[in-house]
Number of protein chains: 2
Amino acid sequence: MAELDVNIPLRGRPTISDVARHCGLSKATVSKVLNLPPDQCPIAEPTRAKVLVSVEALGYRPSWQGRALANRRTHMIAVVNADPYGALPRGQYWEIVDQLDDLLSQVGLVPTFIHTYAGNPRAIEMLGDQRFDGCLSLDAQPKDVQDLLRSNNTPTVMINADVDNSWTNLTFDDKAGTTLLMQHLIGLGHKRIAYNAGRRVNLHSSAIVRASTYAQCMRDAGLEPDRPFVGPVSEFIDRAIDGPYKPTAIVDFEHWTAVHTLQHLWRRGLRVPEDMSVTTFNDTYPVALTVPPLTVAALPVKLITERAVQLLTELIENPTREPRTEMMSETLIVRESTAPPKVSNGAGRPG
Amino acid sequence: MAELDVNIPLRGRPTISDVARHCGLSKATVSKVLNLPPDQCPIAEPTRAKVLVSVEALGYRPSWQGRALANRRTHMIAVVNADPYGALPRGQYWEIVDQLDDLLSQVGLVPTFIHTYAGNPRAIEMLGDQRFDGCLSLDAQPKDVQDLLRSNNTPTVMINADVDNSWTNLTFDDKAGTTLLMQHLIGLGHKRIAYNAGRRVNLHSSAIVRASTYAQCMRDAGLEPDRPFVGPVSEFIDRAIDGPYKPTAIVDFEHWTAVHTLQHLWRRGLRVPEDMSVTTFNDTYPVALTVPPLTVAALPVKLITERAVQLLTELIENPTREPRTEMMSETLIVRESTAPPKVSNGAGRPG
DNA sequence: CTGAAAGCGCTTACAG
DNA sequence: CTGAAAGCGCTTACAG
């Protein structure tokens, strides 16, 4: 007999009908006992007890599929990430994901993590098939994903997703964050500060704002910014040490890059912070545990995730709610990777 | 009119009935066109075309909930983690998760990550409600979780989960891995090697095997093992430097601990590897990027995840398949955190 | 080649 | 206080 034969219950498990039959009551009664809080449950106590006995006896557990169909709620939330590098090397993604998991489960929601980068058509498919009660985007999303969420009326909260304000959106104040870092460095006495934009061209507003704010802060302080750099960290460090600009401090776009920076400076024999100050964004593992620990502009992960879950649940309750954009501020955490430049000329030594 | 009123389709979206009505055909026909591969689809080409036009015109996308109920397949896989610290500080969990996501989606499966540590009753609930076609456990699981999976007949593959062989299980050869590390260190000439068991008592077989293999390797080489240590890394380092044993090399139980070790050695003014060699398990971020990069015993993540997905899909196709336990071997990756001990006495300097 | 009907496992007005 | 019936959106023998 075929495995999926129509009359065999799922993996041999009892259904609500089996329970009803077992206790000689109706499915409706069983359903009420199981779903209504005791104080609002119209079922008489002895009847209630009978149901519970049968449930126990059969080891019955309601099928989520049946429930989801009848209720039109799956209690699942898509947490969407578009980064082609996977989740690892990103800004405080890890912490955000962990927090989200916690907070969502407190309100009875389950996150499923979906990667929407190119080459994953199933992601698009899933976002469109009623599987999720809502969506939390941790990234800028491609246009097709945005269109899909929109045409589906999926309650969605975008987190730093670089979208127009027709979406409910949580953004980060990268301008203020970068300024904090720059003021710290300039206050320490640095005159030549280099900015490392990372491995690849990044058109996300965070990338653009951080780079331009860096240059702006330099000019505002009467200093000359370095030429822009995108590429491998080893090249960046070689240029910093051997090139004409001779920075005494570095601002890295992301923690992953900063960790590489520390390693390459070590390879080239420079000490941090004595020979070079290093800073970056996002206070994530292992940024506080490097040698030396890194000074960073940090995201308020707790606030962000709490707010995101709150906005999302509001949107699920009331899908027609006005979209809004809220901005969260970054904070400066000073650690041991920054210090005043050396009193000598302070430049990296050649080769 | 209430949001969940029975005749309002989900979020206003068209159903298969709407499509059928729109093209003047039956639901059965629409369903066939949508689900059967063209070559096995009995529907006449012009009819087919009509259906497709209507689907397009209405923007119809099948409801997964309806499908799941009718098919008894959700195509979702629970990826279960029991670690109370969350996913971050664990052995190559991150890489495993990323790989799993990739591989599962290639076979049309979607992972949902579930934390089963105490205080998360919803996890248990979800594992029991037919939501998942199968389960992948990344950890030792509490007995109630095991019982639930068993009583539910959930096809499950355990990964290093410390279970009896009534389960399909992938284990790691920690004994061989630890031996690799110890032989490397002893071959370098180290006579006093300390083992750091981590922050807390850990009864997982991996922890036990690594600790006992460490001691065994020492004795086999005619060397005296250090006393066992469990606790904060700073204490471990203080003891290593100030205590009587005076190790010249350290084996850390996990990368998180090793990263702390590097930082505390730096704080105490010791150089790695000149004053102290450091090694650990799991080749995960940032272990190759620390200063200096760490020598590790690594897990074959790619093999593990491929095998796990393979075994799981087999189990889903054929739930009565014999359980089996397979062991994967660890490999040694030598980096710059290990070197011969100093020719002098080699002990850490006091205070 | 196409469709009517029953079924998947649940919930929810509604009637009694 | 309890239950019969219809419905959620789909699929699948089966009949024609």
Side-chain angles (χ1 to χ4, degrees), chain A residues 1-21 23-36 38 40-51 55 58 60-75 128-131, chain B residues 1-21 23-36 38 40-51 55 58 60-75 128-131:
Chain A
M1 190 163 282
E3 186 206 352
L4 291 185
D5 219 38
V6 154
N7 285 307
I8 301 179
L10 251 174
R11 293 185 207 142
R13 291 196 27 202
T15 69
I16 198 170
S17 302
D18 295 323
V19 177
R21 203 172 308 123
C23 59
L25 293 159
S26 73
K27 293 191 293 173
T29 301
V30 175
S31 177
K32 281 170 198 148
V33 169
L34 258 22
N35 292 306
L36 270 21
Q40 330 171 2
C41 181
I43 307 299
E45 189 46 42
T47 312
R48 226 186 120 66
K50 274 207 281 188
V51 169
V55 164
L58 298 179
Y60 170 72
R61 255 181 298 264
S63 153
W64 172 69
Q65 296 162 223
R67 270 193 171 158
L69 188 55
N71 287 333
R72 273 101 143 192
R73 285 285 172 97
T74 65
H75 300 284
D129 71 6
Q130 313 280 187
R131 189 182 305 232
Chain B
M1 191 162 279
E3 185 204 354
L4 290 185
D5 220 38
V6 154
N7 285 307
I8 302 180
L10 252 176
R11 292 185 209 142
R13 291 197 25 201
T15 69
I16 198 170
S17 302
D18 296 320
V19 176
R21 201 173 308 121
C23 59
L25 294 159
S26 73
K27 293 192 294 175
T29 301
V30 175
S31 177
K32 281 169 197 148
V33 169
L34 257 23
N35 291 308
L36 269 20
Q40 328 172 4
C41 181
I43 307 299
E45 189 45 44
T47 313
R48 229 186 118 66
K50 275 207 280 190
V51 169
V55 165
L58 297 178
Y60 170 70
R61 255 180 299 264
S63 153
W64 172 69
Q65 296 161 221
R67 271 191 170 159
L69 187 55
N71 286 334
R72 273 102 143 190
R73 285 285 172 98
T74 65
H75 300 284
D129 71 6
Q130 312 280 185
R131 190 182 304 233

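Everything quoted here is computed from the prediction, not taken from an experiment. Order of the sequence lines fixes the chain letters, A, B, ..., with proteins taken first and strands second; residue numbering starts at 1 for each chain.
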Point to revise | Those residues that, when tested against R48(B), pass side chain to side chain donor-acceptor pair (under 3.5 Å) (two or more places apart) | key: none
Point to revise | Value in whole Å for how far the C1' atom of dG9(D) lies from CG of N71(A) | key: 14 Å
Point to revise | Flag side-chain contact, heavy atom, 4.5 Å: R21(B) against S17(B) | key: yes
Could you run down the sub-3.5 Å N/O contacts of the protein with nucleotides 3-5 of chain D?
unit_1 : atom_1 : unit_2 : atom_2 : d
dG3(D) : OP2    : S26(A) : N      : 3.1
dG3(D) : OP2    : S26(A) : OG     : 3.3
dG3(D) : OP2    : T29(A) : OG1    : 2.7
dG3(D) : O6     : K32(A) : NZ     : 2.7

**Study point:** Listed nucleotide nearest any side-chain atom of N35(B), set dG9(D), dT2(C), dT11(D)
**Key:** dT11(D)
Point to revise | P62(B) vs Y60(B) side-chain heavy atoms within contact, under 4.5 Å | key: yes
**Study point:** CD-OG1 distance between Q130(B) and T15(A), expressed to the nearest 0.5 angstrom
**Key:** 10.0 Å
Check your understanding: In terms of the nearest nucleotide of DNA chain C, which residue is placed more toward the 5' end: W64(A) or C41(B)?
Key -> C41(B)
Revision key, fill the gap. Rounded to the nearest 0.5 Å, the CZ atom of R73(B) sits from the CD atom of Q65(A) at a distance of 11.0 Å
Review point. Does S31(A) make a side-chain N or O approach to OP1 or OP2 of dT11(C) shorter than 4.0 Å?
Key: yes
Exercise for review: Output every pair passing side chain to side chain donor-acceptor pair (under 3.5 Å) with a member in residues 23-33 of chain B, not counting sequence neighbours, ordered by first then second residue.
Suggested key: S26(B)-T29(B), S31(B)-N35(B)
Check your understanding: Atom CD1 in I43(A), atom NZ in K50(A): separation rounded to 0.5 Å?
Key -> 11.5 Å
Exercise for review: Only stems of 3 or more consecutive Watson-Crick or G-U pairs count here, both distances under 3.5 Å; name the ones for DNA chain C, or none.
Suggested key: C:1-3 with D:14-16, C:5-12 with D:5-12, C:14-16 with D:1-3
Review point. How long is the line joining CZ of R48(B) and P of dC1(C), in whole Å?
Key: 12 Å
Study note, to complete from the structure: By salt bridge (Lys or Arg N to Asp or Glu O under 4.0 Å), R131(B) pairs with (sequence neighbours left out) D129(B)
Check your understanding: Rounded to the Å, how far apart are R21(B) CZ and dG9(D) C1'?
Key -> 13 Å
Check your understanding: Between R67(A) and dG9(C), does any side-chain N or O lie under 4.0 Å from OP1 or OP2?
Key -> no
